[in-house]
Amino acid sequence: MNRYLCFKYEPKYLSSNEDDNEKFQRETDYSVSVIKQKVDLSEESLVLDFGCGMGRVSRELINKFNCKVIGVDISPSMLTFAKLYTANISKFTGTHDYSTPESIDVILSIFALQHAEDPKKEIDTIVSVLKPKGIFI
């Protein structure tokens with residue numbers, strides 16, 4: 001099984017020609033639909049949303065699959081929004097301690113790794129907590 005899944009946003013999902021809420025909802029719906037096609041999530045699943053922003057994708061995953069999510073973002077203001085936007089999320093944090101190897105079922109990183117100072121090092125660190133049959137999207 002390939003542990004890494006990359007998907008490309010088609011231009012229609014990234015258009016900036018309409019209201020931000022419509023654009024964000026379309027991007028979120030598309031992201032969740034791709035995840036749903038590739039990963040079996042349940043209430044037993046633990047997801048690490050790396051670069052969670054305001055928690056849009058996290059919230060939809062929780063609502064659709066009742067899974068647990070750890071949201072990580074470097075921006076304190078985004079974490080504040082995420083905590084407000086997603087009342088039933090398990091945890092949002094500025095960093096993840098990565099001290100429990102093989103503990104995460106699914107890792108998401110959507111529009112975040114390009115901002116990392118050393119993306120390869122960041123990916124290696126993130127993957128260290130992925131379960132043997134886990135997947136990194």
Side-chain angles (χ1 to χ4, degrees):
M1 177 181 131
N2 187 354
R3 295 181 67 177
Y4 301 91
L5 169 68
C6 295
F7 65 94
K8 177 179 153 184
Y9 277 89
E10 296 177 29
K12 67 182 177 181
Y13 296 106
L14 297 174
S15 171
S16 61
N17 295 333
E18 76 273 350
D19 178 272
D20 282 346
N21 288 331
E22 290 178 23
K23 174 183 178 250
F24 289 155
Q25 191 59 52
R26 192 168 60 246
E27 288 173 2
T28 301
D29 291 345
Y30 178 71
S31 298
V32 172
S33 74
V34 170
I35 294 164
K36 183 178 177 182
Q37 291 171 18
K38 303 295 183 182
V39 181
D40 291 324
L41 291 175
S42 70
E43 61 186 42
E44 305 299 317
S45 302
L46 181 57
V47 177
L48 175 67
D49 188 353
F50 181 84
C52 64
M54 66 179 287
R56 291 183 293 122
V57 173
S58 295
R59 181 172 126 169
E60 289 301 311
L61 292 176
I62 291 166
N63 288 338
K64 290 190 184 314
F65 305 105
N66 199 29
C67 59
K68 297 171 192 74
V69 176
I70 298 171
V72 176
D73 204 291
I74 197 168
S75 168
S77 62
M78 284 291 106
L79 290 171
T80 298
F81 286 125
K83 288 172 185 173
L84 295 171
Y85 187 69
T86 312
N88 58 348
I89 198 139
S90 62
K91 181 179 180 183
F92 276 108
T93 179
T95 60
H96 182 55
D97 67 12
Y98 302 102
S99 63
T100 310
E102 301 182 358
S103 59
I104 304 290
D105 298 293
V106 177
I107 298 170
L108 304 175
S109 182
I110 302 173
F111 298 128
L113 285 169
Q114 72 269 25
H115 301 292
E117 190 172 312
D118 184 346
K120 166 112 176 58
K121 182 179 177 185
E122 202 71 57
I123 290 168
D124 290 344
T125 301
I126 295 166
V127 171
S128 73
V129 295
L130 193 61
K131 288 182 177 177
K133 292 188 179 187
I135 189 164
F136 181 15
I137 302 173

Requested in this report: Show your reasoning for whether side chain to side chain contact (heavy atoms under 4.5 Å, CB included) applies to S58 and I70.
Outcome: CA-CA 8 Å; S58 295; I70 298 171; over 6 Å; no
**Report entry** Test item: N66 side-chain N/O and E43 main-chain N/O as donor-acceptor pair under 3.5 Å
**Finding:** no
Query raised in the report: Do any N or O atoms from the side chain of D73 and from the backbone of G53 form a donor-acceptor pair under 3.5 angstrom?
Result: yes
Query raised in the report: Residues in side chain to side chain contact (heavy atoms under 4.5 Å, CB included) with F65, at least two apart?
Result: V32, K36, L41, L61, C67
Looking at [X] and [Y], what are the two nearest heavy atoms and their distance?
| X | Y | answer |
| --- | --- | --- |
| F50 | A112 | O-CB, 3.6 Å |
| A82 | G55 | CB-N, 4.1 Å |
| S103 | K131 | O-CE, 3.7 Å |
| V106 | I104 | O-CG2, 3.2 Å |

Report task. Any chance you could lay out the side chain to side chain contact (heavy atoms under 4.5 Å, CB included) test for I137 and V39, step after step, and finish with the verdict? Result -> CA-CA 10 Å; I137 302 173; V39 181; 3.7 Å; yes
Query raised in the report: Can a salt bridge be assigned to the pair E27 and R56 using a cut-off of 4.0 Å between side-chain N and carboxylate O?
Result: yes
Query - Steps toward side chain to side chain contact (heavy atoms under 4.5 Å, CB included) verdict (V69, L46) - result: CA-CA 6 Å; V69 176; L46 181 57; over 6 Å; no
**Report entry** Side-chain donor-acceptor contact under 3.5 Å, S45 with D105
**Finding:** no
Query raised in the report: Got a sec, which residues hit salt bridge (charged side-chain N to carboxylate O under 4.0 Å, His left out) with D118, two or more places apart in sequence or on another chain?
Result: none
First locate atom [atom1] of [X], then atom [atom2] of [Y], and finally report the distance between them rounded to the nearest 0.5 Å.
| X | Y | atom1 | atom2 | value |
| --- | --- | --- | --- | --- |
| E60 | Q25 | CD | CD | 5.5 Å |
| K68 | E44 | NZ | CD | 5.5 Å |
| R26 | S31 | CZ | OG | 11.5 Å |

Any side-chain heavy atom of [X] sitting closer than 4.5 Å to one from [Y]?
| X | Y | answer |
| --- | --- | --- |
| C52 | L79 | yes |
| I35 | V57 | yes |
| L130 | I135 | no |

